[in-house]
Amino acid sequence: NRMNNVNVAEGMASEKDWVQMDEDGNFNIKVLSLDESRNSVEALFKIKGGYRSGAHKHTCETHVFVIQGKVKNHTIGCTFSAGDYCYQPLDDVHDEEFLEDSIVYASYRGQQKTLVEFMDEGGAICGEFKLDDFRAAM
């Protein structure tokens, strides 16, 4: 379904299957909408307790709302629980750990096609989340 250049997931999100984004099934996604002209994505993430993201940088502004579970941002030392909101500014580098099975809503507002860059222990980019990855998950 396309509305003003916004790709919107068809049907009810509750009826959609989760798309597995990693080999172990720890990191799953439902893309709700994608606007390539504005480099923006709205998505739900279902992440298993014990998963740790490692250092990564959001190359966009990101708004996160925890629907269920607990997420610890090791960079700022804060734990977010169901009902909590977190804003991650452009180029924010952080490391998150999901302390229990969690579902979060994330809204990405970027200036480029790459929205997240994952880093290795030396700080070099070792992976990315791009608009194409979110489109493929729709």
Side-chain angles (χ1 to χ4, degrees):
N1 188 4
R2 209 161 177 61
M3 302 174 65
N4 300 329
N5 294 330
V6 178
N7 241 347
V8 178
E10 305 246 350
M12 302 297 290
S14 61
E15 297 171 2
K16 296 281 182 202
D17 290 331
W18 291 94
V19 177
Q20 187 173 316
M21 299 300 284
D22 70 338
E23 292 177 7
D24 302 323
N26 293 317
F27 192 85
N28 302 280
I29 188 172
K30 286 185 186 186
V31 178
L32 304 173
S33 70
L34 178 126
D35 183 343
E36 293 190 55
S37 65
R38 292 188 178 128
N39 299 313
S40 67
V41 174
E42 314 293 324
L44 292 172
F45 292 92
K46 182 178 178 183
I47 302 170
K48 288 191 179 172
Y51 176 82
R52 187 152 177 184
S53 67
H56 63 284
K57 175 170 74 171
H58 289 226
T59 58
C60 60
E61 291 186 334
T62 307
H63 301 266
V64 178
F65 182 79
V66 180
I67 297 170
Q68 97 183 30
K70 285 188 180 178
V71 183
K72 179 171 181 138
N73 183 320
H74 285 278
T75 307
I76 61 173
C78 186
T79 299
F80 298 92
S81 298
D84 289 338
Y85 166 82
C86 174
Y87 171 73
Q88 297 166 329
L90 174 70
D91 291 334
D92 183 51
V93 177
H94 53 276
D95 174 15
E96 295 156 327
E97 180 179 8
F98 294 80
L99 303 177
E100 54 190 53
D101 290 354
S102 300
I103 296 177
V104 300
Y105 164 82
S107 174
Y108 299 95
R109 301 277 179 254
Q111 299 173 358
Q112 58 185 354
K113 301 298 179 201
T114 300
L115 300 175
V116 180
E117 295 175 336
F118 295 94
M119 301 169 195
D120 64 18
E121 292 177 11
I125 296 168
C126 63
E128 299 173 318
F129 256 152
K130 297 183 175 199
L131 286 175
D132 289 347
D133 298 312
F134 289 100
R135 187 181 333 97
M138 285 190 91

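Nothing here was measured: the structure is a model prediction, and the numbers come from that model.
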For a quick test of reading the model, state the closest non-hydrogen atom pair linking [X] to [Y] and the distance between them.
| X | Y | value |
| --- | --- | --- |
| G69 | V66 | O-CG1, 3.8 Å |
| F118 | S53 | CD2-O, 4.4 Å |
| G49 | D101 | N-OD1, 2.8 Å |
| V19 | A137 | CG2-O, 3.3 Å |
| D22 | N26 | OD1-N, 3.0 Å |

Interatomic distance, [X] atom [atom1] to [Y] atom [atom2] [nearest 0.5 angstrom]:
| X | Y | atom1 | atom2 | answer |
| --- | --- | --- | --- | --- |
| N39 | Q111 | CG | CD | 8.5 Å |
| R38 | L131 | CZ | CG | 13.5 Å |
| I125 | K57 | CD1 | NZ | 6.0 Å |

Quick one: are [X] and [Y] in side-chain contact, heavy atoms under 4.5 Å?
| X | Y | result |
| --- | --- | --- |
| F98 | K48 | no |
| D92 | T62 | no |
| K113 | D132 | no |
| M119 | V93 | yes |

Looking only at atom types and distance, does a side-chain atom of K16 sit under 3.5 Å from a main-chain N or O of V31, one as donor and one as acceptor?
no
Determine whether a donor-acceptor pair (N or O, by modelled atom type, separation under 3.5 Å) exists between the side chain of N7 and the backbone of S33.
no
Members sharing L90's hydrophobic cluster (side chains within less than 4.5 Å)
none
Hydrophobic clustering (ILVMFWY, side-chain heavy atoms < 4.5 Å, transitive) - are [Y] and [X] grouped together?
| X | Y | answer |
| --- | --- | --- |
| V104 | L99 | no |
| M138 | L44 | no |
| F27 | L115 | yes |

How far apart are the C-alpha atoms of D91 and T59, what are their side-chain angles, what is the distance that settles it, and do they pass the side-chain contact (heavy atoms from CB on, under 4.5 Å) test?
CA-CA 5 Å; D91 291 334; T59 58; 4.3 Å; yes
So H56 and H94, would you call those rings parallel, tilted or perpendicular, with 30° and 60° as cut-offs?
perpendicular
May I ask you to decide if the ring planes of F134 and F45 are parallel, tilted or perpendicular, using 30° and 60° as cut-offs?
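Correct class here is perpendicular.
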Pairs meeting criterion side-chain hydrogen bond (donor to acceptor under 3.5 Å, both in side chains) with involvement of residues 67-82, two or more places apart
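Pairs touching residues 67-82 that pass the test: H74-E97.
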V64 and V71: side-chain contact (heavy atoms from CB on, under 4.5 Å), yes or no, with the steps?
CA-CA 11 Å; V64 178; V71 183; over 6 Å; no
For the [atom1] atom on [X], are there more than 12 heavy atoms of other groups (residues, nucleotides or ligands in this structure) within a distance under 6.0 Å?
| X | atom1 | result |
| --- | --- | --- |
| E100 | CD | yes |
| E121 | CD | no |
| K46 | NZ | no |
| D24 | CG | yes |

side-chain contact (heavy atoms from CB on, under 4.5 Å) between C60 and R109, intermediate numbers included:
CA-CA 5 Å; C60 60; R109 301 277 179 254; 5.5 Å; no
Check against side-chain contact (heavy atoms from CB on, under 4.5 Å), Y105 and L32:
CA-CA 10 Å; Y105 164 82; L32 304 173; 4.1 Å; yes
Test of ring centre spacing under 6.0 Å for Y108 and F129
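Between F129 and Y108, which both carry aromatic rings, the centre distance is not below 6.0 Å.
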Between E117 and K130 (salt bridge meaning N to carboxylate O under 4.0 Å), is one present in this structure?
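Not counted as a salt bridge, because no side-chain N and carboxylate O are separated by less than 4.0 Å.
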